[in-house]
Trainee: 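What follows is a single structure, and I will ask about it in a moment.
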Amino acid sequence: MRQLEKFKSNIFSVIEKIDETQFEEIARAAEIFKSTVKNKGIIYAIGTGHSFAGAIEFAGRAGGFVNTRALDNFYGHSGWFENIEGVGDVFSSLLDLQPHDAFVIISNSGNKSLQVELAQKIKQLGIKIIAVVNKGDANNAAPKHSSGLKLADLADVVIDNCCFSGDCSIEIPASEVKVGPTSSIAVAYIANCISIRATELIIDAGISLPILKSINQPGGKEYNLSLLDEYKSRVFTI
């Protein structure tokens, strides 16, 4: 039980650090969300490997914006392709990217070729980029793309997930491995902070609020389908 108590304490410390240090960046990300909603754009979220757990928190859920799409193309074993230069260029060419869209890219290190190439393409189109990284790990990580760039170099907003180095927070006695990863909970918290702040901005601006309801609530499914009518041609296609 001591380790569980320590993990709980570690998670709370990460959340508290986000609150104390990342408010301004979260507010800036919320402004991007507001602009995207106002202009009927799509909010894309992508995380390679297990960072996809953070991407899915932005999309297709109760309390989230209907105009969202989590890209799962590099989840699981496919995540290894993030290290191959050129993959990001090909992948970005397949996306239906438009100027009023926004992109959230999630990565602890932010140094992989896929992330850099995708960010470069997005930036060329004038689309705003929100990066969610572990700034400690990202600053120390050597760039893997030949340009020498990392994700944070290209993003309009960089949010620190404030997690432990290497993500895991609990040392196992007499072992080199650790357990107790912190990034999934941290990024979920950040994602919802952005969305909550964005809803405030949208309401204050008098913009229609396209927030999904739970389909388990009466009328939820019908309400969500009515919202999707405007966006489904882009939300459900690559």
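Just the heavy atoms: all of them, side chains too, but no hydrogens, waters or symmetry mates, feed the values below.
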Trainee: Where do Ala131 and Ala155 come nearest, in terms of heavy atoms and distance?
Mentor: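 Heavy atoms only, the tightest pair is CB-CB, 3.6 Å.
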Trainee: Under 3.5 Å, side chain of Asp153 to main-chain N/O of Leu149, donor-acceptor pair present?
Mentor: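 Looks like no, no N/O pair under 3.5 Å.
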Trainee: Roughly how far, to the nearest 0.5 Å, is the CZ atom of Arg28 from the CD atom of Glu24?
Mentor: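 Glu24 atom CD to Arg28 atom CZ measures 9.0 Å (nearest 0.5 Å).
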Trainee: Test side-chain contact (heavy atoms from CB on, under 4.5 Å) on Ile129 and Val157 and set out the steps.
Mentor: CA-CA 7 Å; Ile129 303 168; Val157 176; over 6 Å; no
Trainee: Please give me the minimum heavy-atom distance between Gly54 and Val187, naming the atom from each residue.
Mentor: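 Looking at all heavy atoms of both residues, the closest pair is CA-CG1, 3.6 Å.
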Trainee: So, taking the atom named SG in Cys168 and the one named CZ in Phe7, what distance separates them when rounded to the nearest 0.5 Å?
Mentor: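 Here the interatomic distance stands at 9.0 Å.
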Trainee: How many angstroms lie between NZ in Lys232 and CD in Glu230, if you round to the nearest 0.5 Å?
Mentor: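 Going from NZ on Lys232 over to CD on Glu230, the span is 12.0 Å.
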Trainee: Strictly by side-chain hydrogen bond (donor to acceptor under 3.5 Å, both in side chains), give each pair with a member in residues 101-110 just once, sequence neighbours left out.
Mentor: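 Non-adjacent pairs meeting side-chain hydrogen bond (donor to acceptor under 3.5 Å, both in side chains): Asp101-Arg234, Ser107-Gln115, Asn108-Asn161, Ser109-Asn111, Ser109-Lys112.
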Trainee: With clusters defined by side-chain heavy atoms of hydrophobic residues (ILVMFWY) lying less than 4.5 Å apart, directly or transitively, does Leu227 cluster with Val235?
Mentor: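 Yes, it is one cluster - the side chains of Val235 and Leu227 are joined through contacts under 4.5 Å.
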Trainee: For Leu125, enumerate each residue passing the side-chain contact (heavy atoms from CB on, under 4.5 Å) test, keeping only those at least two apart in sequence or located in another chain.
Mentor: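 Residues passing side-chain contact (heavy atoms from CB on, under 4.5 Å) with Leu125: Leu97, Lys121, Ile127.
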Trainee: Keeping to residues at least two apart or across chains, list the side-chain hydrogen bond (donor to acceptor under 3.5 Å, both in side chains) pairs with something in residues 190-214.
Mentor: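 Checked against side-chain hydrogen bond (donor to acceptor under 3.5 Å, both in side chains) - neighbours excluded - the pairs reaching residues 190-214 are Glu57-Asn192, Arg197-Glu200.
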Trainee: Quick one: side-chain hydrogen bond (donor to acceptor under 3.5 Å, both in side chains) partners of Lys128, sequence neighbours excluded?
Mentor: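 For Lys128, no residue satisfies side-chain hydrogen bond (donor to acceptor under 3.5 Å, both in side chains) once neighbours in sequence are set aside.
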Trainee: Counting only heavy atoms not in Phe81 (residues, nucleotides, ligands), do more than 12 fall under 6.0 Å from its CZ?
Mentor: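 Open.
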Trainee: Can any side-chain N or O of Glu82 pair as donor or acceptor with the backbone N or O of Leu114 at less than 3.5 Å?
Mentor: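 No, the answer is negative, given that no donor and acceptor are paired below the 3.5 Å cut-off.
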Trainee: How does the hydrophobic cluster around Ile215 look, that is, which other residues are in it when side-chain heavy atoms under 4.5 Å mark a link?
Mentor: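 Taking Ile, Leu, Val, Met, Phe, Trp and Tyr as members, Ile215 stands alone, with no cluster partners.
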Trainee: Do you know which two heavy atoms are closest between Ala55 and Gly47, and how far apart they sit?
Mentor: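 Of all heavy-atom pairs spanning Ala55 and Gly47, the closest is CB-N, 3.8 Å.
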Trainee: Heavy atoms only: give me the nearest Tyr223-Ile211 pair and the separation to one decimal.
Mentor: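 Of all heavy-atom pairs spanning Tyr223 and Ile211, the closest is CE2-O, 3.3 Å.
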Trainee: Would you say Ile42 and Thr68 make side-chain contact, with heavy atoms under 4.5 Å?
Mentor: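 No; the side chains remain at least 4.5 Å from each other.
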Trainee: Using distance only, find each side-chain donor-acceptor pair of residues 12-19 under 3.5 Å and give its atom names and separation, not counting sequence neighbours.
Mentor:
from, atom 1, to, atom 2, distance (Å)
Ser13, OG, Asn10, O, 2.6
Asp19, OD1, Tyr189, OH, 2.6
Asp19, OD2, Tyr189, OH, 3.3

Trainee: Using 30° and 60° as the class boundaries, would you call the ring planes of Tyr44 and Phe103 parallel, tilted or perpendicular?
Mentor: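 Taking Phe103 first and then Tyr44, their aromatic rings lie parallel (interplane angle under 30°).
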Trainee: Under the criterion side-chain contact (heavy atoms from CB on, under 4.5 Å), I'd like the reasoning laid out for Gln120 against His145: C-alpha separation, chi angles, the key distance, then a yes or no.
Mentor: CA-CA 12 Å; Gln120 286 176 322; His145 192 263; 4.2 Å; yes
Trainee: Is the shortest heavy-atom distance from the side chain of Phe65 to the side chain of Leu212 under 4.5 Å?
Mentor: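 They are not in side-chain contact.
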Trainee: Identify which one of Ser169, Pro181, Ser183 satisfies the side-chain contact (heavy atoms from CB on, under 4.5 Å) criterion when paired with Phe164.
Mentor: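 Running side-chain contact (heavy atoms from CB on, under 4.5 Å) over Ser169, Pro181, Ser183 with Phe164 returns exactly one hit, Ser169.
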Trainee: Using only atom types and a distance under 3.5 Å, with no angle test, would you say the side chain of Asn140 pairs donor to acceptor with the backbone of Asp137?
Mentor: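 No, Asn140 side chain to Asp137 backbone: no donor-acceptor pair under 3.5 Å.
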Trainee: Could you grab the distance from atom CD of Glu31 to atom OG1 of Thr36, nearest 0.5 Å is fine?
Mentor: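 Reported to 0.5 Å precision, the distance equals 11.0 Å.
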Trainee: Please report the interatomic distance NZ(Lys6) to CG(Leu4), rounded to the nearest 0.5 Å.
Mentor: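 Result: 12.5 Å between the selected atoms.
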Trainee: How many angstroms lie between atom CD1 of Ile26 and atom CD1 of Ile194, to the nearest 0.5 angstrom?
Mentor: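 If I round to the nearest 0.5 Å, the distance is 6.0 Å.
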Trainee: Any heavy-atom pair between the side chains of Val116 and Leu151 that's under 4.5 Å?
Mentor: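 The answer is no, as the side chains (C-beta and beyond) never meet within the 4.5 Å cut-off.
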Trainee: Determine the minimum heavy-atom distance between Glu25 and Ile159, stating which atoms define it.
Mentor: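 What the structure gives for the nearest pair is CB-CG1, 3.8 Å.
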Trainee: Could I get the full list of salt bridge (charged side-chain N to carboxylate O under 4.0 Å, His left out) partners for Glu171, not counting sequence neighbours?
Mentor: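 Scan of Glu171 (salt bridge (charged side-chain N to carboxylate O under 4.0 Å, His left out), adjacent residues dropped) gives none.
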Trainee: Does Asn224 have any side-chain hydrogen bond (donor to acceptor under 3.5 Å, both in side chains) partners at least two apart in sequence or in another chain, and if so, which?
Mentor: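 If we apply the side-chain hydrogen bond (donor to acceptor under 3.5 Å, both in side chains) test to Asn224, skipping adjacent residues, there are no hits.
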Trainee: Could you see if Leu71 belongs to whatever hydrophobic cluster contains Ile84? Use Ile, Leu, Val, Met, Phe, Trp, Tyr and a side-chain cutoff under 4.5 Å.
Mentor: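 Same hydrophobic cluster.
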Trainee: Mind checking whether His100 and Ser35 have side chains closer than 4.5 Å, heavy atoms only?
Mentor: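 SC-SC contact between His100 and Ser35 ruled out.
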Trainee: Asp160 side chain to Cys162 main-chain N or O, any donor-acceptor pair under 3.5 Å?
Mentor: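 Present.
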Trainee: Under 4.5 Å between any side-chain heavy atoms of Phe33 and Ile130, yes or no?
Mentor: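 The answer is yes; the side chains approach within 4.5 Å.
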Trainee: Of the non-hydrogen atoms in Pro210 and Asn67, which two are nearest, and what is the gap between them?
Mentor: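 Closest approach of Pro210 to Asn67: CG-OD1, 4.2 Å.
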Trainee: Phe74: what forms a ring-ring contact (aromatic ring centres under 6.0 Å, His included) with it, not counting sequence neighbours?
Mentor: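 With neighbours one apart ignored, the set is Phe91.
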Trainee: Keeping to residues at least two apart or across chains, list the side-chain hydrogen bond (donor to acceptor under 3.5 Å, both in side chains) pairs with something in residues 172-182.
Mentor: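 Listed once each, the pairs are Asp167-Thr182.
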Trainee: For Lys221, give me all partners under salt bridge (charged side-chain N to carboxylate O under 4.0 Å, His left out), at least two apart in sequence or on another chain.
Mentor: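 By the salt bridge (charged side-chain N to carboxylate O under 4.0 Å, His left out) rule, Lys221 matches no residue at all.
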Trainee: Do Ile170 and Ile185 land in one hydrophobic cluster if side-chain heavy atoms of ILVMFWY residues count as linked below 4.5 Å?
Mentor: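 Yes, because Ile170 and Ile185 connect within a single hydrophobic cluster, where side-chain heavy atoms sit under 4.5 Å apart.
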Trainee: Hey, what else clusters with Val90 if you join Ile, Leu, Val, Met, Phe, Trp, Tyr whenever side-chain heavy atoms sit under 4.5 Å?
Mentor: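 Val90 clusters with nothing; isolated.
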Trainee: Between Val133 and Val158, is a side-chain contact (heavy atoms from CB on, under 4.5 Å) present by the stated rule, with each step listed?
Mentor: CA-CA 7 Å; Val133 302; Val158 180; 3.9 Å; yes
Trainee: Can a donor-acceptor pair be found between the side chains of Glu85 and Ser146 at a distance below 3.5 Å?
Mentor: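 Side-chain D/A pair, Glu85 to Ser146: present.
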